[in-house]
Asks: 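My questions will all concern the structure given below.
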Amino acid sequence: MGKLEGKVAIVTGGGSGIGRAFVHGLSDEGAKVAIAELNSQWADAVAKELHEKGREVLSVSMDVSDEANTLATARTVVDRYGQIDILVNNAALFSDLKRNNWLEIPVEEWDRVMAVNVRGVWLCCRAVAPYMIKKGKGKIVNMASNVVFGVPGLGLLHYTASKGAVLSLTRGLARDLGEHGINVNAIGPGLTVTEKTKMDQEQAKKKIQSRSLKRLGVPSDLVGTLIYLASGDSDLLTGQMIMVEGGATMQ
Ligand SMILES: NC(=O)c1ccc[n+]([C@@H]2O[C@H](COP(=O)([O-])OP(=O)(O)OC[C@H]3O[C@@H](n4cnc5c(N)ncnc54)[C@H](O)[C@@H]3O)[C@@H](O)[C@H]2O)c1
């Protein structure tokens, strides 16, 4: 039996990169998974991978920054599976952002990053919370980043600020939802290589040197932490961020 047998999970941005690994990981532990994704082709492709494994999975086209979309997604999942036990707030604007001097970030881009990376997390939590509160149980896992501790040279000030907000949101929500038996935690990855990572050899070498464990991360490195945070193993843990980045930063 998997650790998440009988559970229902939503993974935002589950159509690519880390989100795709999360969808597979949750499903491997027995959860029914809804892939809530802006790019419906990517979501459908991941859903197909799971169908081929004989798994229960749902692909939902949605934008996390849109309130109506988040409410409709939660409703669709409950209509199909009857409950929501786990929400993984993974969707963000990250890989597609251009590295820029902070003075050159366009205001519209700043606003869009905040809308997706911060408002999106809040809206998704707001959409699923009533169903979790009704059950008196739930697990919310937010994707933050080690950039909140001032990792230098990223060239993404708006992204950095948004992930600081995700950490604060995680702590605030853990307080608000704790009385309902809902755990809210975050994962803080360092640079994790996906199909979209753009990095030359020199940059990769510098990154590796900054770490205690001398290698870059890949999405599967984060799956064990997600399963821990999504399962009963972490029932007394809330408001925390677990850093999974080879010991570059230490708290
Ligand atoms: N890859 C890394 O090095 C790294 C490091 C630290 C933290 N993270 C965080 O981990 C998460 C996943 O990272 P990734 O590298 O796979 O990101 P990514 O940018 O490659 O992919 C994000 C996914 O979210 C989806 N998405 C974007 N906007 C959306 C929206 N408005 N609504 C719904 N879906 C939307 C995209 O289509 C994509 O599938 C992100 O929150 C990211 O900030 C990544």
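Side-chain atoms are counted along with the backbone in the values below, which use heavy atoms only and exclude waters and symmetry mates. In each ligand, atom 1 is the first atom listed, and ligand 1 is the first ligand listed.
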Asks: Answer yes or no: does atom CZ of Arg171 have more than 12 heavy-atom neighbours from other residues, nucleotides or ligands under 6.0 Å?
Replies: no
Asks: Could you name each residue pair satisfying ring-ring contact (aromatic ring centres under 6.0 Å, His included) that touches residues 7-62, not counting sequence neighbours?
Replies: none
Asks: Taking a 3.5 Å cut-off between nitrogen or oxygen atoms, can you list every pair linking ligand 1 to the protein, with distances?
Replies:
| residue | atom | partner | partner atom | Å |
| --- | --- | --- | --- | --- |
| ligand 1 | 1 (N) | Thr192 | O | 3.1 |
| ligand 1 | 3 (O) | Thr192 | N | 2.7 |
| ligand 1 | 3 (O) | Thr192 | O | 3.3 |
| ligand 1 | 16 (O) | Ile18 | N | 3.0 |
| ligand 1 | 19 (O) | Ser95 | N | 3.1 |
| ligand 1 | 19 (O) | Ser95 | OG | 3.3 |
| ligand 1 | 20 (O) | Ser95 | OG | 2.6 |
| ligand 1 | 20 (O) | Lys196 | NZ | 2.9 |
| ligand 1 | 21 (O) | Lys196 | NZ | 3.3 |
| ligand 1 | 31 (N) | Asp63 | OD1 | 2.8 |
| ligand 1 | 32 (N) | Val64 | N | 3.0 |
| ligand 1 | 34 (N) | Leu38 | N | 3.3 |
| ligand 1 | 37 (O) | Glu37 | OE2 | 2.5 |
| ligand 1 | 39 (O) | Ser16 | OG | 2.8 |
| ligand 1 | 39 (O) | Glu37 | OE1 | 2.6 |
| ligand 1 | 39 (O) | Glu37 | OE2 | 3.4 |
| ligand 1 | 41 (O) | Asn90 | O | 2.8 |
| ligand 1 | 41 (O) | Lys163 | NZ | 2.9 |
| ligand 1 | 43 (O) | Tyr159 | OH | 2.6 |
| ligand 1 | 43 (O) | Lys163 | NZ | 3.0 |

Asks: Can you see whether Trp110 has Arg112 sitting over its ring - NZ or CZ less than 6.0 Å from the centre and within 45° of the normal?
Replies: no
Asks: Could you tell me whether Arg80 atom CZ has more than 12 heavy atoms of other residues or ligands within 6.0 Å of it?
Replies: yes
Asks: Just jot down the ring pair (Phe, Tyr, Trp, His ring centres under 6.0 Å) partners of Tyr228, sequence neighbours excluded, or say none.
Replies: none
Asks: Go through the structure and list residues passing side-chain contact (heavy atoms from CB on, under 4.5 Å) with Asp111, not counting sequence neighbours.
Replies: Val107
